[in-house]
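What follows is a single structure, written as structure tokens, with notes after it.
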Amino acid sequence: MFTPLTFSSALLMMIISAACWGSWANTFKGVKNYRFELFYWDYAVGIFLTCLIYALTMGSISNGPDSFLHNVQSADDSNIGWALFAGVIFNLANLLLVAAIDMAGLSIAFPVAIGIALVVGVVLSYAQQRQGYLPLLAAGVVSAVVAVIFDGRAYGELRAANKSVSRKSIVICVISGVLMGLWAPFSTRALTHGNPLGPYSVAVFLTLGALLSCFLWNIYFMKRPLVGEPVAFSGLFRGPMSGHVLGLIGGAIWATGTVFNLVAAHLTGVAVSYAIGQSAPMVAALWGILVWKEFEGANKKAKAYLALMFMFYFLAILLIARATTS
């Protein structure tokens, strides 16, 4: 299988990963008159097919024991189960994130949800494996919490300016963030315990778990939507072609980021790769502010809170990355 041989090539893959994770949601923002519950079916198919393609190409360059099919055959069944279970949790978190984006926009939903996920992920990782310099980790967690608070304050200023945002969307962001921080330890276990799965294999089973769980989570939200009226499954077949295409493209972008992050972690370690990948919310916030004009007309206080959010989020990533390499 292909893996980076130098830190510079691994770093490039992690930067691409962050850019992909912070950009895929633009495909949903670009869809018109297409419910997120329907969009998500195409997205789920896209993430699985793309990861499978990477596994059968980059993950199968040689016919050695690390190649995709050989790795799946030799891996412990429990690790396959952990990767599938991680996909089930991820899928619920991501569905809630897409709903929050629909309600509050990229520049609010992404930093709040993924900022909380960063905190939860770091705390759980340290509880499982006490590695890293605790004072720096603690400072990074505090910085991430402060960044989330500033983003919330910016949201509050939008409400004051009569923008169409709701308190419910922030609650959904928080729940999404907690769940988003919970799935990573299960996929990490599949990568590191017993006869482990390789990075390409983890990506395939993670996204397979996500796709299969759509028949649970997504159907539930179609019947009991967070926004609007219930939506029938038949709407998927009556939806615009652009919606289907953008859903598949969005899935392909997210899957590329995930595969690159997992493959880079093969050299750098999961903690460093995870920390750098979590700069994705800054990318998403920039898309929301600069392209989708989500803060157009906002007052100076809201813009100041956003600037502070960027500063503290960047500081959190630096501190956590430094702590995990100390």
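Below, all heavy atoms of this structure are taken into account, side chains as well, without hydrogens, waters or symmetry copies. By convention here, the first residue in the shown sequence is residue 1.
In this structure the side chain of Phe150 never reaches within 4.5 angstrom of the side chain of Tyr313, judged on heavy atoms. Contact of the Trp21 side chain with the Asn261 side chain is registered, since non-hydrogen atoms from C-beta on lie closer than 4.5 Å. Side-chain contact between Lys29 and Glu294 is present, with at least one heavy-atom pair separated by less than 4.5 Å. Looking at heavy atoms from C-beta onward, Ser74 lies out of side-chain contact with Asn195 at the 4.5 angstrom threshold. Val119 places a side-chain heavy atom less than 4.5 Å from the side chain of Val145. Looking at Ser107 and Phe295, their side chains come closer than 4.5 Å, going by heavy atoms from C-beta outward. Side chains of Met222 and Leu38 form a contact here, defined as non-hydrogen atoms less than 4.5 Å apart. Inter-residue side-chain proximity for Phe68 and Ile61 is flagged as unmet; no heavy-atom pair is nearer than 4.5 Å.
Every residue two or more places apart in sequence or in another chain was checked for a salt bridge (charged side-chain N to carboxylate O under 4.0 Å, His left out) with Arg153, and none qualifies. Annotation: side-chain contact (heavy atoms from CB on, under 4.5 Å) contacts of Val142 (sequence neighbours excluded): Val146.
Judged purely by atom type and a 3.5 angstrom limit, Asn71 uses its side chain to pair as donor or acceptor with the backbone of Gly198. Under a 3.5 Å cut-off, the side chain of Ser67 and the backbone N or O of Met1 do not form any donor-acceptor pair. Trp217 places a side-chain N or O within donor-acceptor distance of the main-chain N or O of Val88, the cut-off being under 3.5 Å. The main-chain N or O of Phe2 is found under 3.5 Å from a side-chain atom of Tyr200 such that the two form a donor-acceptor pair. Between the side chain of Thr207 and the main chain of Val204, a donor-acceptor pair closer than 3.5 Å is present. At distances below 3.5 Å, at least one donor-acceptor pair connects side-chain atoms of Ser17 with backbone N or O atoms of Gly257. Looking at Asn79, its side chain does come within 3.5 Å of a backbone N or O of His193 through a donor-acceptor pair. Checked by atom type and distance alone, the side chain of Arg35 never pairs as donor or acceptor with a backbone atom of Pro230 at under 3.5 Å. Not one N or O on the side chain of Asp42 forms a donor-acceptor pair closer than 3.5 Å with the backbone of Leu246. For Thr50 (side chain) and Ile47 (main-chain N/O), no donor-acceptor pair under 3.5 Å exists by modelled atom type.
Across all their heavy atoms, Val283 and Ala19 have their closest contact at CG1-O, 4.1 Å. Across all their heavy atoms, Gly140 and Ala316 have their closest contact at O-CB, 3.3 Å. Ile172 and Ala100 make their closest contact through CG2-CB, 4.1 Å (heavy atoms, listed as atom of the first residue, atom of the second, distance). Heavy atoms only, all atoms of each residue included: Tyr34 and Gly239 are closest at CE1-CA, 3.7 Å. Met180 and Leu97 make their closest contact through CE-CD2, 4.2 Å (heavy atoms, listed as atom of the first residue, atom of the second, distance). Here the closest heavy-atom approach between residue Pro111 and residue Ala285 is recorded as CG-CB, 4.1 Å.
Environment of CZ in Phe215: sparse, with no more than 12 heavy atoms of neighbouring residues, nucleotides or ligands closer than 6.0 Å. Around the CH2 atom of Trp254, the shell of radius 6.0 Å holds more than 12 heavy atoms that belong to other residues, nucleotides or ligands.
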Applying side chain to side chain contact (heavy atoms under 4.5 Å, CB included) to Tyr43 and Thr27, what does each step give before you reach the verdict?
CA-CA 10 Å; Tyr43 169 83; Thr27 57; 5.8 Å; no

With ring-ring contact (aromatic ring centres under 6.0 Å, His included) as the test, would you mind laying out the steps for Phe39 and Phe36 before giving the verdict?
CA-CA 5 Å; Phe39 168 89; Phe36 88 84; 8.9 Å; no

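When each of Ile108, Asn26, Leu106 is paired with Ile101, the side-chain contact (heavy atoms from CB on, under 4.5 Å) condition holds for Leu106 and for no other.
Residues Leu286 and Ile16 fall into different hydrophobic clusters, defined by Ile, Leu, Val, Met, Phe, Trp and Tyr side chains chained together at heavy-atom separations under 4.5 Å.
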